[in-house]
There are 2 protein chains.
Amino acid sequence: MNEHIPKSHPRHRSLLLRERLVHGLEAGLTSRAGLIAHGRGEAFDYLLGERTHDFAREAIAAASALLWTARHPVFSVNGNVAALAGEELAGLAKAFPKLKVEVNLFHWSEDRLTRIVDHLEGQGIADVLGLGETEDLPGLESARRRMDRRGIASADVVFVPLEDGDRCEALVASGRKVITIDLNPSSRTAQRASITIVDELTRALPALQAQLVSDRGRGEEELVWRRTIHDNADVLRRAIERIRQGAV
Amino acid sequence: MNEHIPKSHPRHRSLLLRERLVHGLEAGLTSRAGLIAHGRGEAFDYLLGERTHDFAREAIAAASALLWTARHPVFSVNGNVAALAGEELAGLAKAFPKLKVEVNLFHWSEDRLTRIVDHLEGQGIADVLGLGETEDLPGLESARRRMDRRGIASADVVFVPLEDGDRCEALVASGRKVITIDLNPSSRTAQRASITIVDELTRALPALQAQLVSDRGRGEEELVWRRTIHDNADVLRRAIERIRQGAV
C-alpha cells in the first residue's frame, strides 16, 4: 500500500486496518478473497459513520453476560480476524481466560493454520486450538466444518466474527449459542446469530473486553436476566435504520 | 479464490468479477488496495440490488450525448478497470472510435503501465495512451497527475470510472467535463463529476455502448439539449434514496 497517512487524516484508522490486512496477506495469514470481504465491511462502516453505536453497546453487554454464564465459550478465528485483530484478541483472551481461541479456515491448509496459530501465540495467546483432533459440524461441506475436540466441538457458546452465513447457521442448528461481529446487519450471519454486534472488529473487541472486566463478580442471576432479555431483532432493526441515515 | 459457483447461484456475476480481479492481481494489472476498493463497491451494489436503475440509465443517456458532442474525449483506465472490464471497454472503443483510451495509475511503474497497455491492446483496443510524453494536471501530487499529451492533456471530456475524489476534482477544476461510474453516490468523485453513472462498471459499459450506437446520426441540437438538461444532483439524490431502501 505504501500509504503514509498523517494521524489527522479522517480515514487514518481505516487505512491502518488496510495495512494490517495487506501485511496479513504477505505473511500468509489471510487470502485475497479476504481483502475483498474487508472492503465490503469498510463500505458498511462508512455508512455507520465509523463509530460504535448504542445498538452495538447493547449487544456487547449481552455478549459479556452470555460469555460469563457459558460453560465452555470458544472464539473462532479466521484469516482476516487474525490479520486485523490479533492484538485486540490477545487483550480479550488475557482479560477473560475462560475463552478458548480456535483457528477455523475456509481456504484450509496445515501450513496456513500453523502460521495463524503461531501468529496468535506470538501475540501472547496461550494454547491456540485448531491443530488437534477434530469432529465435523453437520450441515457444512467446506473445511470450516472442522471443530477441535477441545474447542468448538465441546463448546456451548461460539464467538464467530466476520463469518459466512452457512457456518453461522450450522452452528446455531447444532444447538450452540452464537455471538458474531458483522458490519452488515442484513447478512445471513447477522440475522441468524444469537447476539449480533454490528460494529467494526477492532473497535468492538476492546469494548467487549472492558465490559467483561466490568462484569467480573456480577451475580449470575443479573447476567442471565441480561442475556435473556436481549432483543437481537431490535438491535438489527436499529442498525439497518442507522445505515439508511448514513447513505446521505 | 477457487470458487466454482453454478450459474444459478444468486451471486454468480459478483463472484465472476472477483475472479477477474484476482487474475488481474496475479497478472500485475491491479494492486491489493484495488481488491479492497472493489469490496467497497460490492457492498454498495448489494444495496442497489445489483441492477441498473433509471437514474443510471438517465446518466448513461447524458454521457452518450456528451461523448458525441465532445471534441476529444478520453477514457482513463486504472488497474481495477483494466482487470474488471477490458472486454467491455474494447467493445465500447470499437463502437465509438473517437474515444481514446489512456492508462493512469496511482501505484505507477513503467512495468505495470506497459503490462496494462499490452493487456488492453490484447483485448483489441488500438493505440492505448499513457506511455508517451506527459504534462502534469495541476493540483494533484501522485503519479495520477500525469496526462498523455495526445490524450487527457488535450481532452475536453474525460471518462474516469472508479476514481478517487482528488483526481476527479482536479480534472473538473482544469475546465474539463468529467463522466464517472461510481457505486457510492455520496463519494467525492460522484458528487463532483459532471455526469455520474451510479452502477456497476461491467453493467454500465455495455449499456453505454448500446446508447452510443442508438445515438449515432442523431442531430447535434438534440444531443446538446440532452446533456444541458441533465440534472446530476437529482440523479445522485435518487441513487442515495435507493441505497437507503436497499438497507433492509
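First the proteins, then the strands, lettered A, B, ... as listed; each starts at 1.
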Visitor: Sequence neighbours excluded and cut-off under 3.5 Å, please list the side-chain donor-acceptor pairs for residues 128-141 of chain B, or say none.
Guide:
from     : atom 1 : to       : atom 2 : distance (Å)
B/Glu133 : OE1    : B/Arg149 : NH1    : 2.8
B/Glu135 : OE2    : B/Arg149 : NE     : 3.1
B/Asp136 : OD2    : B/Arg145 : NE     : 3.1

Visitor: At a 4.5 Å cut-off on heavy atoms, which part of B/Ser187 comes close to chain A: side chain, backbone, both, or neither?
Guide: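 Contact with chain A involves the backbone of B/Ser187 alone.
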Visitor: Identify the two heavy atoms, one from A/Arg18 and one from B/Ile36, that lie closest to each other, and give their separation to 0.1 Å.
Guide: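 Smallest interatomic distance, heavy atoms only, reads NE-CG2, 3.5 Å.
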Visitor: Report the option among A/Ala37, A/Ala43, A/Ala239 that has the most heavy-atom pairs separated by less than 4.5 Å from atoms of chain B.
Guide: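 Counting heavy-atom pairs under 4.5 Å, the top option is A/Ala43.
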Visitor: As an exercise, state the distance from CG of B/Leu47 to CG of A/Asn184, rounded to the nearest 0.5 Å.
Guide: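 Going from CG on B/Leu47 over to CG on A/Asn184, the span is 7.0 Å.
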Visitor: Looking at A/Arg244 and B/Gln245, what are the two nearest heavy atoms and their distance?
Guide: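 Smallest interatomic distance, heavy atoms only, reads NH2-O, 4.3 Å.
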Visitor: Under 6.0 Å from the CD atom of B/Glu26, do we count more than 12 heavy atoms belonging to anything else shown?
Guide: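 Check passes, neighbour count above 12.
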Visitor: Would you compute the distance between atom CD of A/Glu42 and atom CD of B/Glu42 and round it to the nearest 0.5 angstrom?
Guide: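 The CD atom of A/Glu42 sits 12.5 Å away from the CD atom of B/Glu42.
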Visitor: For B/Leu25, is it the side chain, the backbone, both, or neither that has a heavy atom closer than 4.5 Å to a heavy atom of chain A?
Guide: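 The side chain, not the backbone.
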Visitor: Name all residues meeting the salt bridge (Lys or Arg N to Asp or Glu O under 4.0 Å) criterion together with B/Asp45; count only those two or more places apart in sequence or in a different chain, and write none if there are none.
Guide: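 Only B/Arg203 meet the salt bridge (Lys or Arg N to Asp or Glu O under 4.0 Å) criterion with B/Asp45.
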